[in-house]
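Comments concern the structure below.
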Amino acid sequence: MIEYIIDLKNKENMRLYYAIKDRFGEKIDNKEEFVKDMSNKISILTQKYSYIIIPESSCSFIEDIVKNTGKPYSIIHKRDKTTLFNIMHTLKLHKKEIESQTQRFLEMGDSFKINKLKANQRKKYIHYLFEHNNFQGKNAVIIDDSCFSGTTFEALKIATGVENAIFVFSK
């Protein structure tokens, strides 16, 4: 089961997404109220689940929402950038791909950011993106702030064994 709350095909919703993430100069005046509203919606959508899984994020938005539900949760940590850089060299990549990805790794800053890679290269990291932690049999659901290409969700499924998910924003 995969559900989402806000459809990003609407321009205003996309601006709201950017505001929550503090991107492109967008700001939200009532962030606490929005977090509370999303927490209430997530609480309803997660009634049949006993445990929540969220991906590590540089933005506290999704953890703030999940904390307000009162349900137990775990953060699935990304592997560090150095580890993923080393894994890149074990993948079957052409010389040009290695050069391109090396440049993109340099532009990421301190942590690995999947969205910095070219879309056609992201799937190569799906098995390695997150630390593995099996949650099968725990009646768990993955909660994430957004779903665009689905790469992060696929990586979380592999890392946790959980296939149910709820996204606040989705295209």
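Only this structure's heavy atoms are used, side chains among them; waters, hydrogens and symmetry mates stay out.
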NE2/H89: more than 12 non-hydrogen atoms of other groups inside 6.0 Å: yes
Polar side-chain atom of N164 near backbone of M1 as donor-acceptor pair, under 3.5 Å: yes
Test item: K71 side-chain N/O and Y49 main-chain N/O as donor-acceptor pair under 3.5 Å: yes
In one Ile/Leu/Val/Met/Phe/Trp/Tyr side-chain cluster, 4.5 Å: F153, V66: no
Verify same cluster id: L117, F130 (apolar side-chain graph, 4.5 Å): yes
Pairwise distance OG1(T160) to CG(N134) - rounded to 0.5 angstrom: 8.0 Å
Shortest non-hydrogen contact from A140 toward I53: CB-CD1, 3.8 Å
Side-chain touch I54/I76, heavy atoms, less than 4.5 angstrom: no
Nearest heavy-atom neighbours spanning K81 and F112: CB-N, 3.9 Å
Spatial distance of atom CG (N10) from atom CZ (R15) [nearest 0.5 Å]: 11.0 Å
Same cluster (ILVMFWY, side-chain, under 4.5 Å), I114 and I126: no
Closest approach of N13 to D7 (non-hydrogen atoms, all atoms of both residues): ND2-O, 2.8 Å
Nearest-0.5 Å distance, NE2 of residue H77 to CG of residue N133: 9.5 Å
Test item: E12 and L16 side chains (from C-beta on) under 4.5 Å apart, heavy atoms: no
Sidechain-backbone polar pair: K48 side chain, N139 backbone, donor-acceptor under 3.5 Å: no
Main-chain N/O of K78 paired with E56 side-chain donor or acceptor, under 3.5 Å: yes
Electrostatic pair E107:R104 at N-O distance under 4.0 angstrom: no
For R79 against H132, the heavy-atom pair lying closest together: NH2-CD2, 3.3 Å
side-chain contact (heavy atoms from CB on, under 4.5 Å) evaluation trace for I28 with I20: CA-CA 7 Å; I28 185 168; I20 290 298; 3.8 Å; yes
Test side-chain contact (heavy atoms from CB on, under 4.5 Å) applied to K67 and Y73, step by step: CA-CA 8 Å; K67 278 181 186 175; Y73 69 96; 3.3 Å; yes
Least distance between heavy atoms, D144 atom then I62 atom: C-CD1, 3.6 Å
Heavy-atom closest contact (F105 atom, Y125 atom, distance): CE1-OH, 3.7 Å
S170 side chain to I5 backbone, donor-acceptor under 3.5 Å: no
Hphob cluster co-occupancy, V35 + I166, side-chain heavy atoms under 4.5 angstrom: yes
Evaluation steps, side-chain contact (heavy atoms from CB on, under 4.5 Å), between T102 and F85: CA-CA 8 Å; T102 298; F85 182 79; 3.9 Å; yes
Neighbour count >12 (heavy atoms, 6.0 Å) for atom NZ, K36: no
Approximate separation, where rounding is to 0.5 Å, of D29 CG and E32 CD: 10.5 Å
Nearest-0.5 Å distance that lies between atom CG in N86 and atom CG in D80: 8.5 Å
Side-chain donor-acceptor pair present, Q103, E99, cut-off under 3.5 Å: no
Short side-chain to backbone donor-acceptor contact, S100 and K96, under 3.5 Å: no
Parallel, tilted or perpendicular: rings of F61 and F169 (30°, 60°): tilted
Pair Y17 + F148: ring centers closer than 6.0 Å: yes
Ion pair check, E154 and K157, cut-off under 4.0 Å: yes
Residues, nucleotides or ligands: over 12 heavy atoms within 6.0 Å of K124 NZ: yes
Shared hydrophobic cluster for I143 and F167 (ILVMFWY, side-chain gaps under 4.5 Å): no
Within 6.0 Å of CG in N120, more than 12 heavy atoms from elsewhere: yes
Step-by-step side-chain contact (heavy atoms from CB on, under 4.5 Å) determination, E97 to Q121: CA-CA 9 Å; E97 290 175 306; Q121 296 297 316; 3.0 Å; yes
Distance, nearest 0.5 Å, that separates OG1 of T151 from CG of L129: 9.0 Å
